[in-house]
Amino acid sequence: MAALTDSRLTVIGLALFVLIIGGSVNANLSTNFYSSSCPKLLSTVKANMQSAISKEARIGASILRLFFHDCFVNGCDGSILLDDTPTFTGEQHAAPNNNSARGFEVIDNIKSAVENICPGIVSCADILAIAAADSVTILGGPTWNVKLGRRDAKTASQSAALASIPRPTSDLNVLAKMFSDNGLSIKDLVALSGGHTIGQARCTTFRTRIYNETNIDTSFATTRQSNCPNAAGSGDNNLAPLDLQTPISFDNNYFKNLVQNKGLLHSDQQLFNGGSTDSIVSGYSTNPSSFSCDFAAAMIKMGDIKPLTGSNGEIRKNCGKIN
Ligand code: HEM
Ligand SMILES: *[C@@H]1O[C@H](CO)[C@@H](O)[C@H](O)[C@H]1NC(C)=O
Ligand SMILES: *[C@@H]1O[C@H](CO)[C@@H](O)[C@H](O)[C@H]1NC(C)=O
């Protein structure tokens, strides 16, 4: 009888063990992931982002974009943060990132600050997710609780970055497909594109639009042409604000621009060009709180793209290189 009880207990014990281990391998992200292992994490990241943005407001936009480009390439795994080495080619110089992805040193500084308070605990992928959310909040946008528990990739792929990051020349159907491949809806596409309410783009990304497209406000095109010559290769890196009105403030002016045919990128104006997304754009242009709410929800969904959890990946010591 005693032996039977023992074996029953063993079976129950084993079942619990399998549940716990299985559960941690499939662990979902959670907002309280570091609440006991690194209680000062959120305040540390926030203070660092405050200081970085007070030095240069655009850096908030750059960090938000880094997070998007991380998540769309094999999930939110910090892969974009890996520097190239003589024997390794990562994502940073893939065409959509080359000469435009920026903010890496801000993430490195935050990582050092976090390593000082909780060494070896917090992933670079999570630091980027928090820093992106803080950027939006600090620049006047919504606040949401960031889900955490991602681990860092041990590799990165230039070809995956080239294939997976949407291009400014893409039409609506292509944009919709690239978002749906990541579990994001048409509404998420429109809301997340509202990230272009902050930041800058280089002439090379919008030249064709301002010289050769017809669904563009004429005076807006003329204004942009003044700092972006028609000749290919000339002034390629000259910058223009993605939101011509308030490029360092996270508001709904991006959508107000679109309904006036003042989208800077071809891909921006695709969202208001007589198609199925027009009504979403007009809605956001008149209702800033519905944009804020949908943007926050879509950021949480984007942050859920294929995270590494459990024993997958690693917690990098230095965001620029694998351990
Ligand atoms: C829908 C597809 C998208 C396309 C085609 C696209 C394309 C671009 C391009 C071409 C630039 C300028 C890059 C350069 O100068 O070379 C840019 C900048 C930017 N993008 Fe996007 N983007 C998209 C979606 C998003 C999303 C979902 C977010 C974030 C939620 C985002 C955030 C930003 C920000 C903040 C900047 C400015 C960065 C800075 O000033 O450093 N974009 N985007
Ligand atoms: C990145 O840009 C630099 C400078 O314009 C260029 O020399 C290099 O070939 C580009 N790299 C890739 C992979 O396109
Ligand atoms: C605009 O179209 C004209 C005529 O097709 C072409 O010569 C020119 O290179 C184009 N410009 C841009 C920036 O695409």
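Whatever order the structure lists ligands and atoms in, that order sets their numbers, starting from 1. Note that the structure is predicted; figures quoted are calculated from it, not measured.
Ranking the protein heavy atoms by distance from atom 34 (C) of ligand 1 puts Arg65 CB, 3.8 Å first. Here the protein heavy atom with the shortest distance to atom 1 (C) of ligand 2 is Asn98 ND2, 1.5 Å. Among protein heavy atoms, the minimum distance from atom 12 (C) of ligand 1 is reached at Ala201 CB, 3.5 Å. In terms of protein heavy-atom proximity, atom 25 (C) of ligand 1 is nearest to Phe68 CE2, 3.3 Å. Nearest protein neighbour of atom 35 (C) of ligand 1, counting heavy atoms only, is Ala61 O, 3.1 Å. The nearest heavy-atom contact from the protein to atom 2 (C) of ligand 1 is Pro166 CB, 3.6 Å. Protein heavy atom nearest atom 13 (C) of ligand 2, with residue, atom name and distance: His93 O, 3.2 Å. The protein non-hydrogen atom at the shortest distance from atom 4 (C) of ligand 2 is Asn99 ND2, 3.7 Å.
Here's the thing with His196: one of its N/O atoms is less than 3.5 angstrom from an N/O atom of ligand 1. An N or O contact shorter than 3.5 Å links Arg58 to ligand 1 by distance. Polar contact check, Thr205 against ligand 1: no nitrogen or oxygen pair lies under 3.5 Å apart. The N/O atoms of Ser62, backbone and side chain alike, include one that comes under 3.5 Å of an N/O atom in ligand 1.
Within ligand 1, counting atoms from 1 as listed, the ones closer than 4.0 Å to a heavy atom of Arg167 are 5 (C). Below 4.0 Å from some heavy atom of Leu189 lie the following atoms of ligand 1, by number and element: 1 (C). Ligand-side atoms of ligand 1 in range of Leu192: 26 (C), 27 (C), 28 (C), 29 (C), 30 (C), range being under 4.0 angstrom from any heavy atom. Here is the list of ligand 1 atoms found below 4.0 Å of a heavy atom in Phe179: 1 (C). The distance from ligand 1 to the heavy atoms of Gly195 drops below 4.0 Å at these ligand atoms: 35 (C). Taking a cut-off of under 4.0 Å to the non-hydrogen atoms of Ser267, the atoms of ligand 1 that pass are 5 (C).
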Chi angles and distances behind the side-chain hydrogen bond (donor to acceptor under 3.5 Å, both in side chains) call for Gln92, Asp84:
CA-CA 7 Å; Gln92 292 177 8; Asp84 286 1; over 6 Å; no
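Contacts with ligand 1 closer than 4.0 Å are made by no heavy atom of Phe67, backbone or side chain. Under 4.0 Å from ligand 1, the heavy atoms of Leu242 that appear belong solely to its side chain. Of all the heavy atoms of Pro168, the ones lying under 4.0 Å from any atom of ligand 1 are found in both the backbone and the side chain.
In this model, a donor atom of one side chain and an acceptor atom of the other lie less than 3.5 Å apart for Gln269 and Arg209. Side chains of Asn48 and Ser51: a donor-acceptor N/O pair is absent below 3.5 angstrom, by distance only. For the residue pair Asn287 and Ser289, a side-chain donor N or O sits within less than 3.5 Å of a side-chain acceptor on the partner. Glu91 and Asn97 are not linked by any side-chain donor-acceptor pair at a separation below 3.5 angstrom, with hydrogens and angles left out of the test. Neither side chain, Asp171 nor Asn173, offers a donor N or O lying under 3.5 Å from an acceptor on the other. There is no side-chain donor-acceptor pair under 3.5 Å between Thr85 and Asp83.
Using a cutoff of 4.0 Å between basic side-chain nitrogens and carboxylate oxygens, Asp243 and Lys256 are not scored as salt-bridged.
The shortest heavy-atom distance from Ser193 to ligand 1 is under 4.0 Å. Residue-ligand proximity: Leu239 is placed with every non-hydrogen atom at 4.0 Å or more from ligand 1.
For the side-chain contact (heavy atoms from CB on, under 4.5 Å) with Phe206, the qualifying choice from Cys228, Ser267, Pro168 is Cys228, the only one to do so. The side-chain contact (heavy atoms from CB on, under 4.5 Å) with Val73 is formed by just one residue from the set Leu162, Ile305, Ile165; it is Ile165.
For atom 7 (O) of ligand 2, the protein comes within 4.0 Å by no heavy atom at all.
The heavy-atom pair separating Asn273 from Asp278 by the smallest distance is N-OD1, 3.0 Å. The minimum heavy-atom distance between Ala153 and Ser79, with the atom names listed, is CB-CB, 4.3 Å.
Taking only non-hydrogen atoms, the option from Leu265, Asn238, Ile165, Leu175 nearest to atom 7 (C) of ligand 1 is Leu265. Among Gln270, His266, Arg202, the residue whose heavy atom lies closest to atom 16 (O) of ligand 1 is Arg202.
Within a 6.0 Å radius of NZ in Lys187, no more than 12 heavy atoms belonging to other residues, nucleotides or ligands are found.
By the 30° and 60° cut-offs, the orientation of the rings of Phe291 relative to Phe250 is parallel.
Taking OH of Tyr254 as the reference point, atom CG of Asp268 lies at 3.5 Å (rounded to 0.5 Å).
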